[in-house]
Amino acid sequence: MDSDLFCEGLVRRFGSNAAVDHISLDVPAGTFFSILGPSGCGKTTLLRLLAGFDKPDEGDIHIRGQRMNDVPPNRRPVNMVFQHLALFPAMSVGDNIGYGLKRRKVPVAERRKRIAGVLEQVGLPGLEYRDPQELSGGQRQRVALARCLVLEPTLLLLDEPLGALDLKLREQMKVELKHLQKQFGTTFVYITHDQSEAMVMSDQVAVMREGRFDQVAPPEELYREPATPFVAGFVGDNNRLAGELVAIRDNLAEIRLDDGSLVQGRVASGDLETGRRAELYIRPESLVLSGDALSTGFSAMQAKVRTTLFDGANSRVEAENGGQPVYARLPQDGSAPKLSAGSAIRLAWDPVLARVFGADNP
Amino acid sequence: MSRWLPRIYLTLVYILIYVPIVVLVVFSFNESRTGYSWGGLGLRWYESLFDNRAMVGAMWNSLWLALSAATVSTVIGALTALALHRYRFRGKKLLNGMLFVVMMSPEIVLAISLLALFLLVGLQLGYVSLLLAHVTFCLPFVVITVMARLSGFDESLPEAARDLGASDFTMTRTVLIPVIMPALLAGWLLGFTLSLDDVVVSTFVSGPGYEILPLRIYSMVRVGLKPEVNALGTLLLVFSLVMLMLSQWILIRSKR
């Protein structure tokens with residue numbers, strides 16, 4: 001498969017601090033690629049390098065095989081949807097969308113046809129003459145998208161465009177964006193700090209931290225097999241249990257937790273050593289409230305209930321084990337026992353679902 | 001009682017502000033020979049004003065000066081504001097501070113220093129010296145008005161324009177200028193008014209060849225004010241009202 005975007009060894013420094021630190025990426029044509037990371041991880045800097053608003057100190061950017069480092073933003077086959085959309089305030093919806101076409105000297109009649117066409121495609125037929133200020137947040141979003149898509153860019157960059165929308169609209173636009181990407185077939189590079197946005201829409205997600213990619217993988221893989229403790233903690237909810245590594249057997253690591261119980265999880269990093277500290281990550285939905293009977297091969301530990309939180313399907317119990325907080329999902333099908341604060345419970349899990357990393361600080 | 005007190009107070013304030021203007025307008029249509037008694041309605045003083053060659057000449061000079069000073073300072077001021085807003089350069093803070101120095105320093109100081117400068121470089125006092133002086137004191141007002149407008153400006157708009165294929169020049173023409181238009185207009189009007197009624201600086205830097213209205217009127221005061229001045233005042237009032245309405249109209253149109 002040919003790639004629309006290919007970067008190698010990108011570095012951008014501000015003073016002594018590298019906001020983008022040797023990043024390489026390869027985005028195949030027609031995919032939805034997300035860069036997910038907490039604020040300040042350098043994702044916006046990276047996007048600005050791709051758009052051409054900033055120049056890398058090292059490394060190369062190739063778009064469809066063409067080196068882009070010295071190409072100014074107005075000559076790149078790349079368009080960007082800005083965080084606050086940046087619709088031109090003194091122009092109508094049609095003029096906003098036609099702005100790029102006009103710069104390319106597309107004749108008026110052709111321009112009008114293409115504006116009408118793209119408005120239809122984003123679900124806003126006939127709004128050419130409206131003032132963007134009169135539109136709702138979701139409609140403005142679509143206008144900003146249409147303004148870029150009408151130019152048929154090789155690459156569409158999106159800088160957290162859903163951040164300004166309210167929760168319900170955001171959920172709706174997530175699905176919408178994914179559909180639009182499929183419909184146009186354009187390669188999207190989407191940056192966000194919201195892991196749910198990245199998970200729902202993307203074909204590939206790069207998790208970024210301190211200027212580097214921790215892991216680049218499809219959403220399911222990111223969730224099931226996080227490569228680093230950071231990814232395990234950042235993508236989705238996770239419990240972290242610290243202890244001492246006792247043994248490694250058949251790719252399973254055995255840990256003695258601080259309260260003394262022996263538990264198991266899959267080996268997830270190469271730096272595990274017996275006798276050293278290690279951390280076990282287990283998702284709240286993988287924990288089961290068990291009675292005395294334990295399924296064979298399952299690990300289990302004792303915990304004390306702190307409180308239960310009812311939230312429909314997302315209800316959970318907050319407990320603690322040896323001073324460490326633990327969350328478990330509380331099924332609402334009547335199978336869960338009634339729990340009161342202070343009562344003791346037993347939490348069990350299939351070791352295959354847990355991942356063990358070496359702890360950074362011994 | 002307590003409800004009426006503020007209203008009465010407000011009415012008095014407005015009377016204090018507007019009665020002199022109303023009196024001036026009414027008396028400009030007075031037929032009486034003196035300015036102190038009513039002699040019926042008529043255009044006598046308007047005729048006399050337009051017969052007064054020196055006065056009409058001074059009025060045109062003043063208008064021309066104000067027009068050019070406002071335009072020159074708007075162009076330079078807008079560019080200065082854009083530079084201060086967009087770029088980081090050595091001496092930026094100094095330049096910013098100097099603007100305020102010009103604005104805050106007493107006019108008499110500005111007047112004396114400009115006069116000294118003009119004499120030093122051997123510039124003949126006249127239109128050019130007046131223009132330079134007026135541009136000097138109008139400039140900071142334009143810069144500050146435009147800067148205020150730019151400070152609330154979404155930085156990603158110029159970037160979006162570049163991203164969509166606009167060159168720097170096209171971006172400025174199609175995105176930046178429309179956004180700062182109201183500020184340019186306001187700055188221009190401010191400069192125009194400041195220039196039109198400046199007395200102090202003009203007294204120092206004007207020459208015999210180029211007489212302007214405020215100085216002409218001021219010199220008339222000493223030999224006794226003729227009611228012509230009322231007619232002149234009324235004309236200027238109408239002129240500034242028209243300008244104000246024009247600018248509002250342009251602003252509303254540009255907003256749409």
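Lettering of chains follows the sequences in order, A, B, ..., and the numbering in each one begins at 1. The figures that follow rest on heavy atoms only: side chains count, while hydrogens, waters and symmetry mates do not.
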*Asks:* With a 6.0 Å cut-off (strictly less than), is the heavy-atom count around CE of Met98(B), excluding the residue itself, greater than 12?
*Replies:*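 Incorrect, the count does not exceed 12.
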
*Asks:* Is the NZ or CZ atom of Arg64(A) both under 6.0 Å from the centre of the six-membered ring of Phe6(A) and within 45° of that ring's axis?
*Replies:*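 That pair does not qualify as a cation-pi contact.
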
*Asks:* Verify ring pair (Phe, Tyr, Trp, His ring centres under 6.0 Å) between Phe33(A) and Phe188(A), making sure each step is shown before the conclusion.
*Replies:* CA-CA 6 Å; Phe33(A) 186 88; Phe188(A) 277 31; over 10 Å; no

*Asks:* Heavy-atom cut-off 4.5 Å, strictly under: side chain, backbone, both or neither for Asp163(B) against chain A?
*Replies:*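 Both backbone and side chain.
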
*Asks:* Go through the atoms of Leu87(A) and report whether side chain, backbone, both or neither lie under 4.5 Å from a heavy atom of chain B.
*Replies:*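 Answer is backbone: N, CA, C or O of Leu87(A) sit under 4.5 Å from chain B.
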
*Asks:* Side chain from CB out, backbone as N, CA, C, O: work out which of these in Arg104(A) comes under 4.5 Å of a heavy atom of chain B, or both, or neither.
*Replies:*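 For Arg104(A), no heavy atom lies under 4.5 Å from chain B.
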
*Asks:* In this structure, are over 12 heavy atoms from other groups packed under 6.0 Å from Lys102(A) atom NZ?
*Replies:*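 Open.
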
*Asks:* Under a 4.5 Å heavy-atom cut-off, does chain B meet the side chain of Phe88(A), its backbone, both or neither?
*Replies:*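 Both backbone and side chain of Phe88(A) come within 4.5 Å of chain B.
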
